[in-house]
Amino acid sequence: MSSKLSGRRGFLKNGATLIGLAAGAGVVPAAGAQMASPSETPHDDAALIAYGQRSRYVKSIRIPVMERMSPDDFGMTFHVTSPLQDSVGIITASSLHYIATHRGSYLPDINPEEHRLMIHGMVDRPLIFTVEDIKRLPFVTRTHFLECSGNRARPSHKTVQESHGMTSCCEWTGVPLSLLLKEAGVQSGASFIVSEGAETVKGSTSVPLGKAMDDCLVCYGQNGEAVRPQHGFPLRLLVPGFEGIYNTKYLRRIKVVDQFYMTYNDYGHITTDSRVAALNRQIGPKSVITFPSGSQKLPGPGLFEITGLAWSGSAAIRGVDISTDGGQSWKPAELRSPAYPMAHTRFGFHWKWDGTESVIMSRSTDELGTAQPTRAEAANYWNKPNDKNFNVPGTDNTVFPWRVAADGSVHNGLA
Ligand SMILES: Nc1nc2c(c(=O)[nH]1)N[C@H]1C(S)=C(S)[C@@H](COP(=O)(O)O)O[C@H]1N2
Ligand SMILES: [Mo]
């Protein structure tokens, strides 16, 4: 649990680099003055063999969310988006997974040998685990997405990284939380767990006991290696399908309790409207076209492969429909990857573009039969049918349009 300042300095330095690169960025933050051109960067065979890096010709990087000032008054970078426009398949490389870390905190530099996870509260046997103890228990590996509830498209967003870049999907390995809770012996009358992380703001949230006993994981593995420091090394809680904030990083404590407890992390999420509160947990079916997407350009009329990602917090994706005429008609896309429950699913759709202005969009349906709402449907539901600046309460899973102009340039269809 020791958090060293060196970790913070490293992060600030990296944060500053990210900001520098992001300024004036297009789809892929351009290889500008701040980044060495390929010919200037030596190809270090020894380093590439010891721990692989991507080709120096591949440039896409995470960039800070537009609406939140980064770096803030404390010099920190928060809410950093994944370059979905360059994504392929369904797994997000750990190095490109979005990051949401709260104000007043930094990325802790935790020595796994000193880290402990305590389970206590309404249990028969309070337990304290080392990371090695956790790794001795039966594990599972699952593919799941994470999405921050702040992941919402606005008319000002130029790229899919800006409009949808706070979702990512990894292969996670860990121990079912239910196993740890059964070992501790949950007492009758318990109804929630409160999770806590090891850094300053603690990333605490209250998770219903039913969910905790169902499919939550205490993870130590991410994409075939240890969970990265940005994502909670050495242990992180995974609450599949629930909005990102429930997935406590640097997990050090789980208290079994008999009621919902408000934590720092619920600030801004607490509401008396039960419809909004419901939306703040399980993420509805959602999808977005990643190619062609904002700031990309089609070279001219012809055959193209529309592709993108679909996901749902309740189930696997059953299907995705595509419209290339602004929502007047819809045709099924093909699912081009396995459709795992609560995971990104890749779709593809052959499109013959005739060179006229076209509005393209995707709409997903999950295995429960729930379909993504259009923005108009959501605005009607919330009694704001004529509000042009309508902002969906809770997580926003509305259908999102890209406008392909006659010159092939792609623009935000909400603008
Ligand atoms: N300990 C801790 N856990 C945390 C947070 C945090 O700041 N501290 N941020 C939460 C939020 S708001 C989100 S969206 C997810 C983001 O996970 P990621 O940074 O691995 O993408 O982690 C959640 N867990
Ligand atoms: Mo978040």
Side-chain angles (χ1 to χ4, degrees), residues 1 3 7-8 11 14-15 18 62-65 67-68 70 72 74 76-84 91-110 115 117 144-152 161 164-172 174 193-207 216-223 225-254 263-270 279-283 311 313 344 394-396:
M1 284 178 224
S3 306
R8 172 179 177 173
F11 181 56
N14 295 340
L18 286 176
R62 299 187 275 222
I63 56 173
V65 169
E67 290 80 18
R68 311 221 178 175
S70 280
D72 69 359
F74 303 99
M76 303 200 187
T77 298
F78 299 88
H79 290 87
V80 185
T81 57
S82 183
L84 296 185
I91 299 293
T92 313
S94 305
S95 49
L96 294 174
H97 191 290
Y98 88 90
I99 308 170
T101 289
H102 289 281
R103 258 152 227 279
S105 190
Y106 53 90
L107 301 180
D109 180 21
I110 297 174
H115 191 78
L117 169 61
H144 287 306
F145 77 85
L146 285 178
E147 182 176 16
C148 182
S149 74
N151 201 29
R152 49 189 61 248
Q161 181 161 14
H164 290 76
M166 280 206 286
T167 182
S168 295
C169 182
C170 288
E171 186 200 81
W172 296 97
I193 61 154
V194 179
S195 58
E196 181 186 271
E199 94 280 42
T200 323
V201 291
K202 299 185 169 60
S204 284
T205 45
S206 294
V207 178
C216 294
L217 301 177
V218 173
C219 295
Y220 49 82
Q222 179 185 10
N223 290 341
E225 61 181 355
V227 171
R228 293 270 171 118
Q230 308 88 285
H231 306 296
F233 181 85
L235 295 175
R236 105 164 288 166
L237 182 64
L238 211 75
V239 185
F242 273 34
E243 78 166 75
I245 208 162
Y246 288 92
N247 298 260
T248 304
K249 305 192 269 191
Y250 322 109
L251 184 67
R252 73 165 177 194
R253 193 153 79 102
I254 285 178
T263 64
Y264 170 90
N265 263 5
D266 297 309
Y267 173 77
H269 288 65
I270 286 294
L279 288 179
N280 276 342
R281 285 209 181 128
Q282 208 155 311
I283 288 173
W311 62 99
H344 282 180
T395 51
D396 179 355

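One is the number of the first residue; the rest follow in order along the sequence. Just so you know, ligand 1 is whichever comes first in the structure, and atom 1 is the first atom listed for that ligand.
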Kindly write out the residues that satisfy side chain to side chain donor-acceptor pair (under 3.5 Å) with N151, not counting sequence neighbours, or none if the list is empty.
E147
Numbering the atoms of ligand 1 from 1, which are under 4.0 Å from a heavy atom of R236?
15 (C), 17 (O), 18 (P), 20 (O), 22 (O)
Under-4.0 Å heavy-atom contact with ligand 1, by part of N247 that carries it
backbone
Any atoms of ligand 1 less than 4.0 Å from a non-hydrogen atom of H231? List them with their elements.
18 (P), 19 (O), 20 (O), 21 (O)
Kindly say whether R62 contributes a backbone atom to a donor-acceptor pair with the side chain of Y98 at under 3.5 angstrom?
no
Side chain of S204, backbone of S195: donor and acceptor closer than 3.5 Å?
yes
For T101, the ligand 1 atoms with a heavy-atom partner under 4.0 Å come out as 7 (O)
Region of E199 engaging ligand 1 - heavy atom pairs below 4.0 Å:
side chain
Can you list the atoms of ligand 1 that are under 4.0 Å from a heavy atom of T248?
3 (N), 24 (N)
Out of all atoms in ligand 1, which are within 4.0 Å of some heavy atom of C148? Include the element for each.
14 (S)
So, K249 side chain and G197 main chain: donor-acceptor pair closer than 3.5 Å or not?
no
Has N223 got a side-chain atom pairing as donor or acceptor with T92's backbone, closer than 3.5 angstrom?
yes
Per-atom contacts of ligand 1 with G203, taking only distances under 4.0 Å to non-hydrogen atoms:
1 (N), 2 (C), 3 (N), 8 (N)
Applying side chain to side chain donor-acceptor pair (under 3.5 Å), name anything that partners T167, two or more places apart in sequence or on another chain.
H344
Do any N or O atoms from the side chain of S82 and from the backbone of L96 form a donor-acceptor pair under 3.5 angstrom?
yes
Side chain, backbone, both or neither: which part of E243 comes within less than 4.0 Å of ligand 1 when only heavy atoms are counted?
neither
Is the backbone N or O of A198 less than 3.5 Å from a side-chain atom of R253, with the two atoms forming a donor-acceptor pair by type?
no
Could you tell me which atoms of ligand 1, counted from 1 in the order shown, lie closer than 4.0 angstrom to a heavy atom of Y250?
1 (N)
So, is H79 polar-close to ligand 1, with some N/O to N/O distance under 3.5 Å?
no
